[in-house]
Amino acid sequence: MNMLKANFQINKLSRKEFLKKISFLLFLPIIWLWDSSIKQIIKKDSVDNSILIPSNLPAGVSFFGKAAVVKENNKLEVFSTSCTHLGCRIKQIENGKFICPCHGSEFNLQGEVLKGPATKPLRKLKYELTSDKKQIKIINA
Amino acid sequence: MPENNFKKKSFFVSFLNYPFGNISIASLIIAILSGVLLAITFNVQNPLDSISYWLLADPASTLLRNIHYWAAQLFLVATILHIVDHLHRGTEKDVKNGIWFRLTLSLFFIFYVMISGFLLKGDSDSVQAGRIIRTLFEQIPLIGNILTYSLFGSGGNYQIIYVNHIATATIILIFVWIEHSRQLYPKVSVFVYTFVVIFIISLFFSANLHDGKNTIVKGPWYFLGLQEILHWVSEPIYVVVFAFFLLVIFYLLKFAHQKTDKAIKYILLCLGLLYIILIFIGAFFRGENWKYVLPWKSDNGLRINYLPIFSFAEVDTLKIYSVLGRNEGCLSCHNNVKGFESSHLPEAIGCYSCHLGNPYTLNKDYAHSDMIFIPGNLSDANNTCGTSDCHPDIVPRVDNSIMNTLSGMISVNRFVFDELKEPKGLFKAQDLNQSNADNHLRNLCASCHIGNVKTEYGPITERSRGGGCNACHLNYSTEALKQLINYEKFVKYKTHNINIPNIHPNLNLDISDEHCFGCHSRSGRISTNYEGWSEIFSFEDEIKSLRQINNSEPNLSSQKTIVDINSNYRVLMDGRVFKKQPADVHHNKGMDCIDCHIAQEIMGDGNLYEHKEEQVKIQCTDCHSYQSKTISYNNLDYESRKIVDLQKSQRDNNKFLLIQEFNLPLINSYQNNKGYKYLITQIKKDSLQLKPPASICIEGKAHERLSCNSCHTQWVSYCAGCHTEYQPDGKGYDLLVNKEINGRWVETSSDFYVDYPTLGVKKEKSGKEIIDTFIPGMIITIDNMKNEKDKKIFKRLFAPTVAHTINKDGRSCKSCHNNSLAIGYGKGKLSYKIFDTETNPQTKLNSNYDLSANENKNVANHKEPRRSDKSNIFGKWSFKPQFAIRREDNLPKDAWIGFMQNTNENSTTRINTRPFNVDEQKRILLVGACLTCHAENSNVMQESLIDFETVLKKISKKCVLPE
Ligand code: FES
């Protein structure tokens, strides 16, 4: 009988402990809700982020916020101005190089890294001419 | 009294005894309270607008913001010291595990509350910092994305940061504070001290607000060490892992045994000190683009603004204007400034876009601090005209343009001084050193580059050099000039009251020839040539008196000095005297420099060029030809279209002509549907019909190698022979940096001559050789050099020239074929004689052809010409130079080559040019021999233009060809 009682006590204690131990599981559904709500909003935010720019650009580099257009020998190349190091916006050309203001990474007009800390080339962006040919649509800027 | 003393003492001691934790809590409370008050007027949709408005017009909120800012900084510093203090005392061992865990976690929230506060400024500094932080958090494995979004939201949306800043993080910090200290309030004394200190600092120093123009991006001071680390680390994930690792270590401190505990704390201390050093490096040794720069060479530092609250201007009556989406204080006072074209109106771009200063204050002195009074110099163009909102594409082009680099001037000059083997290579004026050649250039020529800084108000005149964008685009209206003169008088004599000028000089596309004149009236002198003036040395009395007029006190109203006596002489503002010559036909038709020279060649196309002619795009044949390429308005590039719109040069939907080689539009031209071509002069707006070339220019083989210039250049002005020496004792001037120096170079030149250009050969990029015009570029002796005293240099170099003295008719045949100067021998008597060795070797059978006597009479003066196939009769050219022979190279001073001689290769200032070789000289003189008998317009000579070889085959019995 005594033993039984002792056993029971142990069981009772264990149950409490057990509940306490697994209480953190309650967070799981919350984390799931958190995770999926954020995924949803990120999806919503990234729907159409293409930008329209005039097609008759001068030769050289023109900046359009998130994108930089390099026109050389009538060839267009569009780059994301987000530095591949830590995402700072590149707004400047110096001596024919893109220069990141934050930590000084340098890229040539083909987007290749000339000087670190960045190691990856600037992201090339796809573009297409609008039907009236007056504008360029930069996709996924 | 003693009690009072004791009280005072205990007050002080208690402050020392419980400093950091209490200060930290006190500052947190102050930050929270001021934050709550700030939240009332803070607009999270547009933080920058809120804060700039406070700075301009709301001293109370500004003070609150300062208090909030300084309380937060103090909170951070005090908390760190508090932690150091406790770790030092080892009290972490007494704290319960759970509390210690939450304390460790709160380290992250301290960082978060600080950085989110920084991000909530919404200025360009915080926008970039936000990007870095986001990317760093995204590196965290698995939860990176959701954590980033939850803490910082998406870029450009401040709501999540705001909520976390004022609620989540603050609540967590308050919770941890109360839980671990079991104390709800700091000591009153500490609170009072803390508040007083914060309040006093806040009265004087304002938290920074980045103006969006300054290109230095750094982030908050405590971020600078991290920035420095990130500068060196390519893979940011290492930094994230390391930071996490530090947090874990910190947590484990509680469980570490004595030895390990000490070691870890020691390491943490070292890392802390290292971080402080990194902060200093980041703050004081890093400038634009995180480049290394010495502190005294940059003004970045920690960027704390001294802006006393009581310096707020009376704002009740003033309106706050907003331009380009930002508030700008300048316009509250300067709201009636006129004189601009639409794109530069203050309503459109404000004052700050160009003049900088501080747009976020209405206090005059602070608003005007760091202002750029004359914007547009290339030294500041990146921050003024060339910012991303304005003309970012143009400034780098101008930087690279030959008018800024002076590449050709540098290479030729170094070549002359034997510092370069060949006159080629890419150079920049800014890189000039102190060698003989460079010092010479710095002392005599280096002011003529567009990067030379304009430091004085007033229009561009004959005396102006450089000025960046202003060099071309600055125009004073009469009213603006009047106001300026009045203002300058006021500043000088303070004799009258004055209204601040409100008519601003205009910045537009009316680029008159006067803008170019300052520099281009020198060296090649194309500006003066074009207008029909050639330089002379003259000391005649009448000109002396002209000089005096010019040397009197400069008067702004007579900036455009042309002093003109009987229209034959002109004395420039710098005292040089010019004589009237026939002007260029394009000038006579009313064309200005910019009617031919398009934006892409004046401002450059971004490429570096070795010599000026390489940057030039336009050619005569772009206008004067039977074929032409055209382009419609809709297909114009952005820049050209903008110029067309501004110049209103579009005519009835007609197409524009294209510069054929480069496919660049000539935006002031058009071709109508009948095929007629026109040019509209950009300033006077006259319409000129563009005529195709005469048939003589395009028919036949004889002259197909000739450039248009070779025939149509009426005259060139040149000097032949100049002596240059260095005088170490004289006072000189370094024109590159505009300062006085010891020592100077002195040039003594020969007389000026006006004559036809010499002709020579130029190899084009395509490999084709053409005949073009040349003048003596440098026939020079240099001695007494700066660095090598005993060295002597003699150079005889001809330079290709485009004189800009075009006429319609072109020069005569004889002016080339019978002209020693044209062929390269220099001035003199070129004679063709015919000998008959049988009858009398000395007898002159043919008359002596004297060019000077018969130049324009197309009549030959021979009597009995003989055939040359009789072996005893032959013709011979001879040359008698006008000038004495120089002993250095046995040539007269103005010669390029010796009579019937080849030359060594170092005789021109370009690697792709050369004088005529003997073969070519003979061919020219062969025609010259014909011209001694046949008139220029005779049938024979006209036929020979089409096909000389055929004409030669049917020469008559009377003809004697040169041997
Ligand atoms: S973000 Fe561009 S260099 Fe770091």
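All chains are named by letter (A, B, ...) in the order of the sequence lines, taking the proteins before the strands, and each is independently numbered beginning at 1.
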Looking at B:Ser234 and A:Pro117, what are the two nearest heavy atoms and their distance?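 Closest approach of B:Ser234 to A:Pro117, heavy atoms only: OG-O, 2.8 Å.
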
Apply the test side-chain contact (heavy atoms from CB on, under 4.5 Å) to residues B:Ser150 and A:Trp34: give CA-CA distance (whole Å), side-chain angles for both, the deciding distance (0.1 Å), then the verdict. CA-CA 9 Å; B:Ser150 310; A:Trp34 180 34; 2.8 Å; yes

As an exercise: rank [options] by heavy-atom pairs under 4.5 Å with chain B and give me the winner.
options: A:Cys88, A:Ser37, A:Ser82; value: A:Cys88
options: A:His85, A:Lys91, A:Glu106; value: A:His85
options: A:Cys102, A:Ala118, A:Gly104, A:Gly87; value: A:Cys102

Pick from B:Gln139, B:His231, B:Gln600, B:Glu228: which one has the most heavy-atom pairs with chain A under 4.5 Å?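 Max contact count across the listed options: B:His231.
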
From [X] atom [atom1] to [Y] atom [atom2], the distance as rounded to the nearest 0.5 Å:
X: A:Ile90; Y: B:Gln128; atom1: CD1; atom2: CD; value: 9.0 Å
X: B:Thr387; Y: A:Phe63; atom1: OG1; atom2: CZ; value: 12.0 Å
X: A:Ile31; Y: B:Ile146; atom1: CD1; atom2: CD1; value: 7.5 Å

Surrounding [atom1] of [X] (heavy atoms of other residues, nucleotides or ligands, distance under 6.0 Å), is the total greater than 12?
X: B:Gln159; atom1: CD; answer: no
X: A:Lys126; atom1: NZ; answer: no
X: B:Lys291; atom1: NZ; answer: yes

Under 4.5 Å from any heavy atom of chain A - which part of [X]:
X: B:Leu608; value: neither
X: B:Asn382; value: side chain
X: B:Glu138; value: neither

Is there a donor-acceptor contact under 3.5 Å from the side chain of B:Glu288 to the main chain of A:Pro101?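 No; judged by distance alone, with no hydrogens or angles, the pair does not exist.
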
Donor-acceptor contact below 3.5 Å, side chain A:His103 vs main chain B:Leu230: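 No, the answer is negative, given that no donor and acceptor are paired below the 3.5 Å cut-off.
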
Report the C-alpha distance between B:Asn289 and A:Cys100 in whole Å, list the side-chain angles of each, state the deciding distance to 0.1 Å, and finish with yes or no for side-chain contact (heavy atoms from CB on, under 4.5 Å). CA-CA 6 Å; B:Asn289 304 325; A:Cys100 177; over 6 Å; no

What part of A:Ile38 is in contact with chain B, defined as an atom under 4.5 angstrom from a non-hydrogen atom: side chain, backbone, both or neither? side chain

Can A:Leu86 and B:Arg134 be said to form a side-chain contact (heavy atoms from CB on, under 4.5 Å), step by step? CA-CA 8 Å; A:Leu86 280 165; B:Arg134 276 192 191 86; over 6 Å; no

